Amino acid sequence: MIIIFLSSLLIGFMFNVFTLSNRLTTLNQIINNTPIQLFENSIPLIDGENNLYFDKTKLYNNLINYYNSSLKNCTKTVNIDLYFYNQEDQSICVNNECDAVEVNVYGKCVLTYQYSRTIFFEIHKGARYGS
């Protein structure tokens, strides 16, 4: 009888570990594969503008809508923090024309387990950008 009880506990524990690892894998895939179009859509395109930058409110709204809809089956809560910085010297961007962003996604996954993930996006000059 004790063996059956202990094996039931072990099976329950193994199932919980499997569920947690499956959710964390799904979370990491969704966050790491964040569509680049969310960032591209938040860049205002003005004719004659030499410097491209992120529209802060539009980017935040795009990301929070995407993560809320994508992660609703995996998490209880989703929060994001955006830190805008300058590419040249990695300093904090204090004006409205920031060309790089650090996105921190965090929240509660299972019971009290907190997850956190950080991704970076930058606007680089290239052949199509005028360099």
Side-chain angles (χ1 to χ4, degrees):
M1 186 69 176
I2 292 176
I3 294 173
I4 294 172
F5 177 71
L6 291 177
S7 62
S8 298
L9 284 177
L10 181 63
I11 289 171
F13 176 73
M14 289 172 52
F15 181 73
N16 285 335
V17 169
F18 170 75
T19 303
L20 178 64
S21 66
N22 191 23
R23 284 189 182 182
L24 289 177
T25 301
T26 304
L27 284 169
N28 282 331
Q29 287 178 348
I30 290 172
I31 294 170
N32 285 337
N33 297 325
T34 301
I36 193 74
Q37 290 82 7
L38 297 174
F39 296 91
E40 290 174 347
N41 288 338
S42 67
I43 299 173
L45 299 176
I46 301 172
D47 292 335
E49 185 77 26
N50 288 335
N51 295 326
L52 296 178
Y53 57 92
F54 291 113
D55 181 353
K56 294 179 181 182
T57 56
K58 191 171 185 180
L59 179 60
Y60 180 81
N61 291 334
N62 287 345
L63 290 173
I64 199 71
N65 289 335
Y66 171 73
Y67 289 135
N68 280 334
S69 65
S70 299
L71 299 175
K72 67 182 174 186
N73 295 330
C74 300
T75 63
K76 296 177 182 179
T77 60
V78 177
N79 298 314
I80 63 171
D81 288 329
L82 302 178
Y83 299 106
F84 293 92
Y85 63 94
N86 298 314
Q87 288 184 45
E88 297 82 28
D89 56 359
Q90 306 296 319
S91 64
I92 296 174
C93 181
V94 292
N95 60 11
N96 289 330
E97 296 185 0
C98 305
D99 59 357
V101 63
E102 173 184 329
V103 181
N104 295 319
V105 182
Y106 58 94
K108 190 182 289 188
C109 184
V110 177
L111 297 175
T112 60
Y113 182 78
Q114 296 284 335
Y115 72 94
S116 177
R117 196 79 177 135
T118 303
I119 53 177
F120 299 89
F121 285 92
E122 298 177 346
I123 301 172
H124 290 281
K125 293 186 177 186
R128 295 184 181 179
Y129 188 47
S131 287

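Predicted, not measured: the structure shown is a model, and the values here were computed from it. We're numbering straight along the sequence, starting at 1.
- Residue-environment remark: CD1 (Ile3) stays at or below the threshold of 12 foreign heavy atoms within 6.0 Å.
- Inter-residue side-chain proximity for Ile80 and Tyr60 is flagged as met; some heavy-atom pair is nearer than 4.5 Å.
- Distance OG/Ser21 to CG/Asn16: 10.5 Å, rounded to 0.5 Å.
- Heavy-atom contacts from other residues, nucleotides or ligands closer than 6.0 Å to CD1 of Ile92 number 12 or fewer.
- Follow the hydrophobic side-chain contacts under 4.5 Å out from Ile36 and you reach Tyr66 in the same cluster.
- Ring-plane geometry between Phe84 and Phe54 is classed as tilted, the angle between the planes lying from 30 to 60 degrees on a 0 to 90 degree scale.
- The shortest side-chain heavy-atom distance between Phe121 and Glu40 does not fall under the 4.5 Å cut-off.
- Between Lys108 and Tyr115 the shortest heavy-atom distance is N-CE2, 4.0 Å.
- Counting non-hydrogen atoms of other residues, nucleotides and ligands closer than 6.0 Å to CG of Leu9 gives a total above 12.
- Side-chain atoms of Asn104 and Thr118 include a donor-acceptor pair closer than 3.5 Å.
- Scanning both residues, Cys93 and Asn95, for their nearest heavy atoms gives SG-OD1, 3.0 Å.
- Contact of the Tyr67 side chain with the Thr75 side chain is not registered, since no non-hydrogen atoms from C-beta on lie closer than 4.5 Å.
- Of the possible polar contacts, one joining the Gln87 side chain to the Asp99 backbone as a donor-acceptor pair under 3.5 Å is found.
- Atom CZ of Phe120 sits in a crowded spot, with more than 12 heavy atoms from other residues, nucleotides or ligands closer than 6.0 Å.
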